[in-house]
Amino acid sequence: MEGYQEFITNIKKLTGIDLSSYKEKQMKRRIYSLMRRNNLTDLMSYFRLLKQSEKHLREFLNYITINVSEFFRNPAQWQVLEREILPFLIAKGKILRVWSSACASGEEAYSLALIFEKINYNKVEILATDIDSEALEAARLGIYSEKSVENVPEDLKRKYFTVKEGKYAIKEEIKKKVKFKNLNLLEDEFPKNCDLILCRNVMIYFTEEAKDKLYRKFHNSLSDDGVFFVGNTEQILTPQKYGFMSMKSFFYKKLK
Ligand SMILES: C[S@@+](CC[C@H](N)C(=O)[O-])C[C@H]1O[C@@H](n2cnc3c(N)ncnc32)[C@H](O)[C@@H]1O
């Protein structure tokens with residue numbers, strides 16, 4: 001596939017997504033099939049199409065990254081969560097309702113469960129939802145690659161996973177802390193009274209209009225002083241517009 005490296009560089013500039021972190025063969029096969037769908041035969045023309053058409057760019061992003069996740073994705077943010085956000089939420093002294101709203105195959109939701117184990121706090125209910133039923137099946141199964149658990153601290157890895165033939169199976173005691181459910185963010189009603197909502201690495205697929213609607217829905221779903229945790233490329237430009245106040249980068253508190 002001629003010009004692949006250049007394509008990768010261009011996509012990185014355009015979307016912030018680094019395709020070089022994806023399996024090259026699989027990626028090329030996917031890109032090729034998308035190009036064929038659009039009657040194109042070379043990568044330069046395909047990139048031009050992506051640059052011009054939001055619809056095609058979304059089709060592309062959806063196709064290539066839809067279920068990519070990992071435990072403790074962007075570890076620095078999880079440290080902020082553990083050290084600063086959770087103590088703030090725990091001080092409320094109530095059972096915490098936590099929602100991982102685009103949970104893919106469960107990595108994010110189980111990361112939450114692991115953190116609560118680590119800090120020995122069990123007054124918590126974790127709901128994890130996604131639009132993709134296959135991903136949810138994988139989440140319920142809870143078996144992961146070595147790469148996907150790379151950021152799990154060694155002690156937690158030893159304690160809460162069983163390793164078999166190079167795969168990491170999360171133990172039942174963690175599994176049972178998370179309830180998985182199918183939910184389409186764009187269509188379905190949201191759960192209420194959440195103290196912490198994670199919506200990470202999915203907003204990037206949505207139009208400005210859809211995002212605007214979703215921020216309002218998330219705000220509505222939070223309890224007073226509830227916290228909204230977003231992905232590393234998904235900072236909200238005007239949080240006040242949606243009734244949020246920035247607490248730390250990527251964390252927003254609901255204003256009363
Ligand atoms: C890249 S993964 C993000 C997983 C995880 N939150 C993370 O940050 O690692 C994006 C997820 O969003 C889900 N998704 C896409 N559109 C959705 C929608 N309309 N409603 C709910 N989930 C959606 C996909 O199925 C996919 O599992």
Side-chain angles (χ1 to χ4, degrees), residues 11-12 15-19 21-23 26-27 30 54-55 57-81 85 98-115 126-142 144-145 147-152 168 170 178-191 194 196-218 220-221 227-236 249-252:
I11 290 292
K12 179 83 203 290
T15 67
I17 293 175
D18 187 3
L19 295 185
S21 306
Y22 294 76
K23 280 190 203 132
Q26 202 178 60
M27 184 57 61
R30 289 178 166 215
E54 201 181 325
K55 177 175 154 251
L57 182 62
R58 268 209 315 281
E59 175 195 55
F60 172 75
L61 291 176
N62 263 314
Y63 198 43
I64 59 156
T65 65
I66 194 122
N67 288 139
V68 176
S69 191
E70 63 191 28
F71 280 76
F72 298 102
R73 185 172 191 171
N74 311 117
Q77 270 42 278
W78 287 87
Q79 280 192 8
V80 174
L81 177 72
I85 309 296
V98 180
W99 176 29
S100 162
S101 72
C103 68
S105 308
E107 297 86 340
E108 182 177 278
Y110 290 137
S111 301
L112 286 164
L114 288 172
I115 285 206
I126 303 173
L127 170 70
T129 63
D130 200 279
I131 195 175
D132 184 339
S133 307
E134 277 180 33
L136 290 170
E137 274 314 300
R140 290 186 186 103
L141 202 64
Y144 299 95
S145 68
K147 177 95 186 58
S148 132
V149 299
E150 205 171 57
N151 293 328
V152 179
Y168 289 71
I170 194 131
V178 182
K179 191 172 152 208
F180 290 100
K181 206 179 114 185
N182 198 296
L183 187 145
N184 180 351
L185 291 170
L186 300 170
E187 301 289 335
D188 298 334
E189 208 173 301
F190 284 11
C194 300
L196 173 65
I197 298 177
L198 286 75
C199 183
R200 308 183 71 224
N201 304 299
V202 61
M203 282 289 198
I204 42 167
Y205 305 126
F206 298 147
T207 61
E208 288 306 314
E209 218 180 346
K211 278 197 242 182
D212 191 79
K213 196 171 130 195
L214 286 174
Y215 290 140
R216 291 172 207 282
K217 282 177 82 179
F218 281 122
N220 234 332
S221 275
V227 176
F228 186 46
F229 178 12
V230 303
N232 257 27
T233 55
E234 299 171 318
Q235 271 154 311
I236 310 174
S249 304
F250 316 110
F251 292 92
Y252 301 90

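Worth saying up front: this structure is predicted, and the values here are computed from it rather than measured. Whatever order the structure lists ligands and atoms in, that order sets their numbers, starting from 1.
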For the residue pair Phe228 and Tyr215, categorise the inter-ring angle as parallel (less than 30°), tilted (30 to 60°) or perpendicular (more than 60°).
perpendicular
Under 4.0 Å from a heavy atom of Glu108: which atoms of ligand 1 are those, numbered in the order shown and with their elements?
5 (C), 6 (N), 7 (C), 8 (O)
Below 4.0 angstrom from a heavy atom of Ala104, which ligand 1 atoms are there? Numbered from 1 as shown, please.
4 (C), 27 (O)
For ligand 1 and [X], I'd like to know whether there is a polar contact (N/O to N/O, distance under 3.5 Å).
{"X": "Glu70", "result": "no"}
{"X": "Ser69", "result": "yes"}
{"X": "Leu185", "result": "yes"}
{"X": "Asp132", "result": "no"}
{"X": "Ala102", "result": "yes"}

Distance col, row Ser100:OG vs Leu127:CG, nearest 0.5 angstrom, shows 8.5 Å
Tell me, please: is Leu183 in heavy-atom contact with ligand 1, that is, under 4.0 Å?
yes
Where do Leu136 and Asn182 land on the side chain to side chain contact (heavy atoms under 4.5 Å, CB included) test, with the steps shown first?
CA-CA 7 Å; Leu136 290 170; Asn182 198 296; 3.9 Å; yes
Side chains of Leu214 and Leu186 in contact at under 4.5 Å (non-hydrogen atoms):
yes
Would you mind finding which of Asn74, Ile131, Leu136 brings a heavy atom closest to atom 14 (N) of ligand 1?
Ile131
Keeping the roles fixed (side chain from Asp212, backbone from Glu208), state whether a donor-acceptor pair exists under 3.5 Å.
no
Between the side chains of Lys147 and Glu150, is the shortest nitrogen-to-carboxylate-oxygen separation below 4.0 Å, so that they form an ion pair?
yes
Backbone, side chain, both or neither: what part of Arg200 comes under 4.0 angstrom of ligand 1, heavy atoms only?
both
Considering only heavy atoms, does Asn184 approach ligand 1 within less than 4.0 Å through its side chain, its backbone, both, or neither?
both
Which atoms form the tightest heavy-atom contact between Phe251 and Gln77, and what is the distance?
CZ-O, 3.4 Å
Taking the six-membered ring for Trp, are Tyr110 and Phe180 ring centroids under 6.0 Å apart?
yes
